[in-house]
Amino acid sequence: MEKFDQRYLEMAEIWAKNSYCKRRQVGALLVKDRMIISDGYNGTPSGFENICEDENGVTKPYVLHAEANAITKVAKSGNSSQNATLYVTASPCMECAKLIIQAGIKRVVYKDEYRISDGVDLLRRAGIEVKKVE
């Protein structure tokens, strides 16, 4: 799985470039049976202006994280994220970790460490395999 983990993470990094956010661009891919079933990047909800930060450079409170976008997108598609792997360019925050658990995702592979590790701690507590790839 090592080679595929690396490739899917590289694809998530490319997908992150779609984000309009200036502070940090994050990409996520949801993979099941070696098929990409969903994707996401951080940004504002559909129909909102594509500006993630306010005039002081602070991220707006309604900006969605890449993981949340990928999970809600798969829900809309009628596909199931049960037992899928989530590839994300930054480790999940606490809010996204809760969504990952509820979505039945069994594995999370990420590249960059988020400044707070409580999301990763929660995922491990829930028995989800978490892997950091350099």
Side-chain angles (χ1 to χ4, degrees):
M1 203 57 184
E2 199 70 41
K3 179 180 75 177
F4 283 100
D5 284 348
Q6 196 67 51
R7 294 290 172 264
Y8 285 126
L9 258 185
E10 286 171 20
M11 290 167 76
E13 285 185 295
I14 291 166
W15 205 242
K17 293 176 180 164
N18 289 318
S19 173
Y20 290 91
C21 298
K22 291 183 176 81
R23 282 184 64 206
R24 169 181 270 176
Q25 294 182 316
V26 180
L29 289 180
L30 211 42
V31 176
K32 190 172 175 179
D33 304 322
R34 291 218 181 124
M35 281 187 299
I36 297 168
I37 58 169
S38 189
D39 53 60
Y41 50 87
N42 56 327
T44 55
S46 301
F48 281 67
E49 75 293 336
N50 290 318
I51 302 165
C52 298
E53 295 85 9
D54 64 19
E55 57 283 345
N56 300 317
V58 177
T59 301
K60 293 176 181 175
Y62 53 84
V63 167
L64 286 151
H65 288 185
E67 305 93 314
N69 268 326
I71 290 168
T72 53
K73 196 171 176 182
V74 80
K76 265 203 260 186
S77 76
N79 240 321
S80 169
S81 53
Q82 191 70 41
N83 297 322
T85 298
L86 178 73
Y87 293 91
V88 62
T89 57
S91 61
C93 71
M94 177 61 85
E95 289 305 306
C96 288
K98 292 189 278 187
L99 291 174
I100 290 164
I101 293 164
Q102 290 301 91
I105 294 164
K106 68 169 168 102
R107 215 169 149 255
V108 175
V109 180
Y110 70 93
K111 183 175 176 266
D112 299 324
E113 208 73 58
Y114 183 62
R115 59 188 162 85
I116 308 162
S117 68
D118 58 0
V120 169
D121 298 341
L122 186 69
L123 291 173
R124 289 201 171 109
R125 193 171 144 202
I128 293 168
E129 184 193 331
V130 181
K131 181 177 166 189
K132 183 180 196 282
V133 174
E134 298 301 325

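This one's a predicted model, so the numbers in the text were calculated from it and none came from an experiment. The figures that follow rest on heavy atoms only: side chains count, while hydrogens, waters and symmetry mates do not.
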- If you link ILVMFWY side chains whenever their heavy atoms are less than 4.5 Å apart, which other residues fall into the same cluster as Y41? By chain and number, please. W15
- Task: Quick one: name the residues clustered hydrophobically with V120, using the 4.5 Å side-chain heavy-atom rule over I, L, V, M, F, W, Y, and just say none if it's on its own.
- Result: V26, L30, I37, I71, V74, L86, V88, M94, L99, I100, I101, I105, V108, Y110, L122, L123, I128, V130
- Are F4 and I14 connected, step by step, through hydrophobic side chains (Ile, Leu, Val, Met, Phe, Trp, Tyr) whose heavy atoms are closer than 4.5 Å? no
- Task: Would you check if the side chain of K32 reaches a backbone N or O of S81 as a donor-acceptor pair within less than 3.5 Å?
- Result: no
- Counting N and O atoms only, with roles assigned by atom type, does the side chain of E53 sit under 3.5 Å from a partner on the main chain of R23, one being a donor and the other an acceptor? yes
- Can you see which heavy atom on G27 is nearest to which on A16, and at what distance? N-CB, 3.3 Å
Sequence neighbours left out, cut at 3.5 Å: what donor-acceptor pairs do the side chains of residues 61-68 make with other protein atoms?
from: Y62; atom 1: OH; to: E49; atom 2: OE2; distance (Å): 3.1

- D5 bridged to R107 by N-O distance under 4.0 Å: yes
For the [atom1] atom of [X] and the [atom2] atom of [Y], what is their distance to the nearest 0.5 Å?
X: T85; Y: D33; atom1: OG1; atom2: CG; answer: 9.5 Å
X: T89; Y: L29; atom1: OG1; atom2: CG; answer: 9.5 Å
X: E113; Y: K132; atom1: CD; atom2: NZ; answer: 5.5 Å
X: N42; Y: Y20; atom1: CG; atom2: OH; answer: 12.5 Å

- Under the disulfide (SG to SG under 2.5 Å) rule, what pairs show up with a residue in residues 94-134, not counting sequence neighbours? none
- Item | Listed once per pair and sorted, the disulfide (SG to SG under 2.5 Å) pairs that draw on residues 4-45, sequence neighbours left out | C21-C52
- Query: How would you list, by chain and number, every residue that makes a salt bridge (Lys or Arg N to Asp or Glu O under 4.0 Å) with K73, sequence neighbours excluded?
  - Reply: D39
- Hits for salt bridge (Lys or Arg N to Asp or Glu O under 4.0 Å) against R7, two or more places apart or cross-chain, chain-then-number order -> E10
- Item | Side chains of Y87 and Q6 in contact at under 4.5 Å (non-hydrogen atoms) | no
- Message: Are Y114 and P92 packed together at the side-chain level, in the sense that at least one heavy-atom pair is separated by less than 4.5 angstrom?
- Response: no
Who pairs with [X] by side chain to side chain donor-acceptor pair (under 3.5 Å), at least two apart in sequence or on another chain?
X: K106; value: none
X: E13; value: K111
X: S77; value: none
X: R24; value: none

- Item | Any pair counted as side-chain hydrogen bond (donor to acceptor under 3.5 Å, both in side chains), so long as it reaches residues 94-104, sequence neighbours left out | E95-K98
